[in-house]
Number of protein chains: 2
Amino acid sequence: MNLKELAKALNLSFSTVSKALRDSHEISVATKNRVLAKAKELNYQVNPQASSLRKQKSKTIAVVIPEVVNDFFGPVINGIESIAQEKGYHVLIYLTHEDMQKEIAITKLLQNGRVDGIMMSLSEETSDTTHLQALRENEIPLVFFDRIAEDIDAPKVTTDDYNCGIKATEHLIENGCTRIAFLSIAPNLSISNKRMNGYLEALKKHNIKPDNGLILSCTGDEAKNKTLIKQLFKRKNRPDGIFASVEKLAIAAYEICAELTLTIPQDVKVICFSNMQTAAWLNPSLSTITQPAYEMGREGASILFKLVEKKGHHFLLENTVLNSALVARNSTKRS
Amino acid sequence: MNLKELAKALNLSFSTVSKALRDSHEISVATKNRVLAKAKELNYQVNPQASSLRKQKSKTIAVVIPEVVNDFFGPVINGIESIAQEKGYHVLIYLTHEDMQKEIAITKLLQNGRVDGIMMSLSEETSDTTHLQALRENEIPLVFFDRIAEDIDAPKVTTDDYNCGIKATEHLIENGCTRIAFLSIAPNLSISNKRMNGYLEALKKHNIKPDNGLILSCTGDEAKNKTLIKQLFKRKNRPDGIFASVEKLAIAAYEICAELTLTIPQDVKVICFSNMQTAAWLNPSLSTITQPAYEMGREGASILFKLVEKKGHHFLLENTVLNSALVARNSTKRS
DNA sequence: AAAACCAACGACAACGTTGTAGCAAATAAA
DNA sequence: TTTATTTGCTACAACGTTGTCGTTGGTTTT
């Protein structure tokens, strides 16, 4: 069922029908109603690719993220989708699986009008950003969230990672920790660095000498991470506090503590960035820095649609910073 | 950068260029190489909507699911995306938020060639299926997974819900439970009924009289659910076992037990369908029936692409059933 | 050497829309 | 009454591809 057939059924030219459907002032009310009724009767729907081709707009955005099985990215998609649905846009999902090559391949797919805009959070691996620069050169509206590329000229939605790095570290200090380890991930990621800088700042503020042996550079390899953490716990001056920059490292720490029969929070206190819904039900319940993931999605999508809808507003380079919240639970409780 | 410009740069007709790019036998190897080189140099990418319009294929599939912040649907998307990426397809995500009206609106969007196929899991609310019938009539390849529509003629990928209903119930019985409550959700859903039938069958097998007061019809309203569960625990013959058909009801049970100072598993044992990654770290660790979510996504997508790629194979109405696994943990431990 | 054939390319008509330009008839202004 | 203007509709040319059908020259067959 296309315009031509619909027009034939109505004995009208297909341009008249097209205009009637889009409520053009050139068409009489009587004809419009006739067309609308027939369109409904025959269940006519415009062909999206024909329309997109003609209008040079796809009414689609892409969301490029590392993974979807994740308590942070899940709600973000939710937020993006809620705005997209309001605006009548469609949402394509692309997963990089933390692989820069995949990220590059995906950005290539998005260069030729498939989408009107892109929301993106970088993979852990991404060190080089020429593929992102290419997107900017093609003038495709682009908004980064959380894991941003600082050198790319695009709006960014982040959380107050530096401050939260401070807050989390101070929370451990206030609860009696003196040898606080920082479990870092992906040195390329801006969030990782900001969180670590907050950690270092807090130590400085409280006159604790930073110890490079307490800063672990973890990777995507979980087994390796566990070995590193185990080594950390076995060194002479075992840490009494763990600040994990991501959830999975905190869970790894839980596992290692169980293995080594260390008790949380008596022997070690643990805090991490996490949006886990069941943090309160862990054993022990996990103290977290929780990011406003849903709001980040909505905020980012709102900015993206501003860019998409009135192009040329490149001055709209707003960097939005939302606040995360520290939720203290038993894993950091003073004994 | 389009074909016309590329052709001009090469001093060739654009049909020649088009054929060269698609490796047609009509074009000499020398020309092909020249075209390929120039295309790379000028970073030419085919316009997807023009190509789709011409070929009447969108190279895109839709995934329609209730929600994305979910340890089941997350891995499913992962599985689907992995197959889609292999096949060079794009993935559109649509969330129904368990709302039948949204589900209907979404299916309408998918009627006119936007996608070549659909993977779908129904919303809790979906009782009527005429909107799904419409998809079938439009001959859009459609595969259901997990929450299927039994009366729609389409391939379905499910898990052995009935058997697992039996297994979970027997697990509770074996650990000493005699008054087992079933926390059901959404009576419209096939999975809910199958799980409950398994529960009833297990009771029968072990000569336990089913008690309607122990079967709770929960809904999307969390506060209401909690009230129901609280009432359940306050009745004269308090249940000593809880079989929750979904994870969130198990967590609600955990909360109510904490409120009423009931201890799991001493006072009540709890088991539920769940793909939570941290089930082992809950307090107490949660016994679960875990579905092979990622595999379901891959399996479903594989079937979908068979349908998409050779249309007319409607005999391909395979109903695939994958097995879930019962993982016993402390929440059902015999005291 | 004429007939048949093939290899390599170009012209062109779709695919289904949309917006601009055109064209009658009806209405308003001169 | 003639000339503008408006109203309501149609014709048509894009948008960027792709596949069919021609059209060349050159090579092989008989």
Side-chain angles (χ1 to χ4, degrees), chain A residues 1-36 38-39 42-60 88 90 109-116 138 140 311, chain B residues 1-36 38-39 42-60 88 90 109-116 138 140 311:
Chain A
M1 180 42 41
N2 57 21
L3 264 187
K4 226 177 269 176
E5 296 178 56
L6 182 59
K8 206 183 285 169
L10 283 157
N11 232 13
L12 285 169
S13 83
F14 67 94
S15 18
T16 304
V17 175
S18 168
K19 285 178 195 169
L21 289 171
R22 268 161 308 107
D23 202 29
S24 161
H25 61 93
E26 292 177 44
I27 308 299
S28 73
V29 182
T31 313
K32 277 183 195 169
N33 288 337
R34 214 158 66 83
V35 170
L36 252 43
K38 202 70 174 180
L42 301 182
N43 193 28
Y44 169 79
Q45 308 266 124
V46 301
N47 179 295
Q49 22 263 8
S51 181
S52 291
L53 178 58
R54 181 60 230 258
K55 295 202 284 188
Q56 301 287 69
K57 299 238 159 114
S58 66
K59 277 270 170 185
T60 304
H90 302 255
L109 290 175
L110 302 177
Q111 309 257 7
N112 221 322
R114 187 179 297 276
V115 294
D116 296 340
N138 281 26
I140 301 167
K311 225 163 174 170
Chain B
M1 181 42 40
N2 57 20
L3 265 188
K4 226 178 270 178
E5 295 179 58
L6 183 58
K8 207 182 287 171
L10 282 158
N11 234 10
L12 284 169
S13 82
F14 66 94
S15 19
T16 304
V17 176
S18 168
K19 284 176 200 169
L21 289 171
R22 268 161 310 105
D23 201 29
S24 161
H25 61 93
E26 292 178 44
I27 307 299
S28 73
V29 182
T31 313
K32 277 183 195 168
N33 289 338
R34 213 158 66 82
V35 171
L36 253 43
K38 201 70 173 178
L42 301 182
N43 194 28
Y44 170 80
Q45 307 267 123
V46 302
N47 179 296
Q49 22 264 7
S51 179
S52 291
L53 177 59
R54 181 60 229 259
K55 296 202 284 189
Q56 300 288 69
K57 300 240 157 111
S58 66
K59 277 270 171 184
T60 304
H90 301 255
L109 290 175
L110 302 177
Q111 308 255 6
N112 221 322
R114 185 179 300 275
V115 295
D116 295 341
N138 281 25
I140 301 168
K311 225 164 174 166

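Labels below follow one simple rule: chain letters A, B, ... track the order of the sequence lines, proteins then strands, and each chain is numbered from 1.
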(request) Spell out protein contact along nucleotides 21-27 of chain C as letters: B when the base is contacted, S when just the sugar-phosphate is, - when no protein heavy atom is under 4.0 Å; keep the 5' to 3' order. (result) B------
(request) Could you check how far CD of Glu5(B) sits from P of dG16(D), rounded to whole Å? (result) 8 Å
(request) Let me know the distance between CD of Gln56(A) and C1' of dG19(C), rounded to the nearest Å. (result) 13 Å
(message) Side-chain N or O of Ser28(A) versus OP1/OP2 of dC9(D): is the shortest distance under 4.0 Å?
(response) yes
(request) Give the rounded distance in Å between these two atoms: CD of Gln49(A) and C1' of dT17(C). (result) 11 Å
(message) Less than 4.0 angstrom from a charged side-chain N to a carboxylate O is my criterion; do Asp23(B) and Lys32(B) meet it?
(response) yes
(message) Tell me every residue that passes side chain to side chain donor-acceptor pair (under 3.5 Å) with Arg114(B), counting only those two or more places apart in sequence or in another chain.
(response) His90(A)
(message) Using the side-chain heavy atoms of Tyr44(B), tell me which of these nucleotides is nearest: dG16(D), dT17(D), dC9(D).
(response) dT17(D)
(request) Using whole Å, report how far CZ of Arg22(B) lies from C1' of dC9(C). (result) 14 Å
(request) Please collect all salt bridge (Lys or Arg N to Asp or Glu O under 4.0 Å) contacts where either partner lies in residues 4-20 of chain A, sequence neighbours excluded, each pair once. (result) Lys19(A)-Glu26(A)
(request) Figure out the NZ/C1' separation between Lys4(B) and dG16(D), and round it to whole Å. (result) 8 Å
(message) Please determine whether a side-chain nitrogen or oxygen atom of Asn2(B) lies at a distance below 4.0 Å from atom OP1 or OP2 of dG16(D).
(response) yes
